[in-house]
Amino acid sequence: MIHFTIPGRPVPKHRPRVGKHGNIYTPQNCREYERAVGLYAKNLFPQPLTGPVALGVKFYFSRRPGDLDNYVKAISDGLNGIAWQDDRQVVKLFASLKRGIPERAEVVVQQIVND
């Protein structure tokens, strides 16, 4: 089981945007947050886990946040290729929104054996 904390206000996964030439992209602040998630996890995972995994995330906010599932998606996408090969490996998910300072996301990743 691997625990780590991502400091700062969590950023939700935004809907893809369409650029002026018809290209589809993820907004920059979301890409930067996903990159930060990966950086915090990189030293904890020498290589991506294989097989099924469980993901637990507690999000702490000083004021009311948005939709829980969008915050989870940003964490999950940020861990792709680092904690696991693909987020399809996540077969158990535990997530919650809480009031608290400092704002942060507390993450737990666990490989599932003999499920």
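What you see is a predicted model; the values in this text were computed from it and never measured.
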A.B. asks: Quick one: do Val57 and Val91 end up in the same hydrophobic cluster if we chain Ile, Leu, Val, Met, Phe, Trp and Tyr together by side-chain heavy atoms under 4.5 Å apart?
C.D. replies: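 No; tracing contacts between hydrophobic side chains, which count when under 4.5 Å, never links both residues.
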A.B. asks: Is there a side chain to side chain contact (heavy atoms under 4.5 Å, CB included) between Tyr40 and Thr5? Walk through the geometry before answering.
C.D. replies: CA-CA 8 Å; Tyr40 279 99; Thr5 300; over 6 Å; no
A.B. asks: When rounded to the nearest 0.5 angstrom, what is the spacing between CG in Leu79 and CD in Gln85?
C.D. replies: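 One finds 13.5 Å between CG of Leu79 and CD of Gln85.
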A.B. asks: Distance-only criterion, 3.5 Å: show the donor-acceptor pairs between side-chain atoms of residues 96-107 and protein atoms not counting sequence neighbours.
C.D. replies:
unit_1, atom_1, unit_2, atom_2, d
Arg99, NH1, Ser62, O, 2.6
Glu103, OE2, Arg9, NH1, 2.6
Glu103, OE2, Ser62, N, 2.9
Glu103, OE2, Ser62, OG, 3.1
Arg104, NE, Glu106, OE2, 2.9
Arg104, NH1, Pro102, O, 2.6
Arg104, NH2, Glu106, OE2, 3.4

A.B. asks: Please name the pair of heavy atoms, one in Pro12 and one in Cys30, separated by the smallest distance, quoted to 0.1 Å.
C.D. replies: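 Smallest heavy-atom distance, with atoms named: O-SG, 3.7 Å.
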A.B. asks: Write out all pairs satisfying salt bridge (charged side-chain N to carboxylate O under 4.0 Å, His left out) with one or both partners inside residues 62-75, taking only residues at least two apart or from two chains.
C.D. replies: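 Every salt bridge (charged side-chain N to carboxylate O under 4.0 Å, His left out) pair that includes a residue of residues 62-75, provided the two are not neighbours, is Lys73-Asp77, Lys73-Asp87.
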A.B. asks: Mind checking whether Leu93 and Val53 sit in one hydrophobic cluster, side chains of I, L, V, M, F, W, Y counted as touching below 4.5 Å?
C.D. replies: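 Result: yes, single cluster for both.
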A.B. asks: Enter the distance from Asn80:CG to Gln89:CD here, rounded to the nearest 0.5 Å.
C.D. replies: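 Reported value, rounded in 0.5 Å steps: 8.5 Å.
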A.B. asks: For Asn43, does the CG atom sit with more than 12 other heavy atoms under 6.0 Å from it, leaving out its own atoms?
C.D. replies: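 No, because the 6.0 Å sphere around CG of Asn43 holds 12 heavy atoms or fewer from other groups.
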A.B. asks: Specify the closest pair of heavy atoms between Trp84 and Pro48, including all atoms of both residues, with the distance to one decimal.
C.D. replies: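 Scanning both residues completely, I find the closest heavy atoms to be C-CB, 3.5 Å.
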A.B. asks: Does any non-hydrogen side-chain atom of Lys13 lie less than 4.5 Å from one of Ile75?
C.D. replies: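 Ile75 does not reach Lys13 side chain to side chain.
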A.B. asks: Using the rule that Ile, Leu, Val, Met, Phe, Trp and Tyr join whenever any side-chain heavy atoms are under 4.5 Å apart, tell me whether Leu44 and Leu49 fall into a single cluster.
C.D. replies: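 Yes, because Leu44 and Leu49 connect within a single hydrophobic cluster, where side-chain heavy atoms sit under 4.5 Å apart.
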A.B. asks: Specify the closest pair of heavy atoms between Phe4 and Val37, including all atoms of both residues, with the distance to one decimal.
C.D. replies: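 In terms of heavy atoms, the two residues are closest at CE1-O, 4.4 Å.
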A.B. asks: Would you mind listing the cluster partners of Met1? Hydrophobic ones only (ILVMFWY), side-chain contacts under 4.5 Å, chaining allowed.
C.D. replies: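 Besides Met1, the cluster holds Val108.
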A.B. asks: Please report the interatomic distance CD1(Ile82) to CG(Leu39), rounded to the nearest 0.5 Å.
C.D. replies: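 The CG atom of Leu39 is 7.0 Å from CD1 of Ile82, to the nearest 0.5 Å.
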A.B. asks: Taking the side chain as every heavy atom from C-beta outward, state whether Tyr33 and Tyr71 have any atom pair closer than 4.5 Å.
C.D. replies: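 Of all side-chain heavy-atom pairs linking Tyr71 with Tyr33, none is under 4.5 Å.
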A.B. asks: Determine whether Ile2 and Val72 fall in the same hydrophobic cluster, where Ile, Leu, Val, Met, Phe, Trp and Tyr are linked whenever their side-chain heavy atoms lie under 4.5 Å apart.
C.D. replies: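 Cluster IDs for Ile2 and Val72 match.
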A.B. asks: Decide whether Val11 and Tyr60 are clustered together by the hydrophobic rule: side chain heavy atoms of Ile, Leu, Val, Met, Phe, Trp, Tyr closer than 4.5 Å, transitively.
C.D. replies: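 No; Tyr60 is not reachable from Val11 via cluster members.
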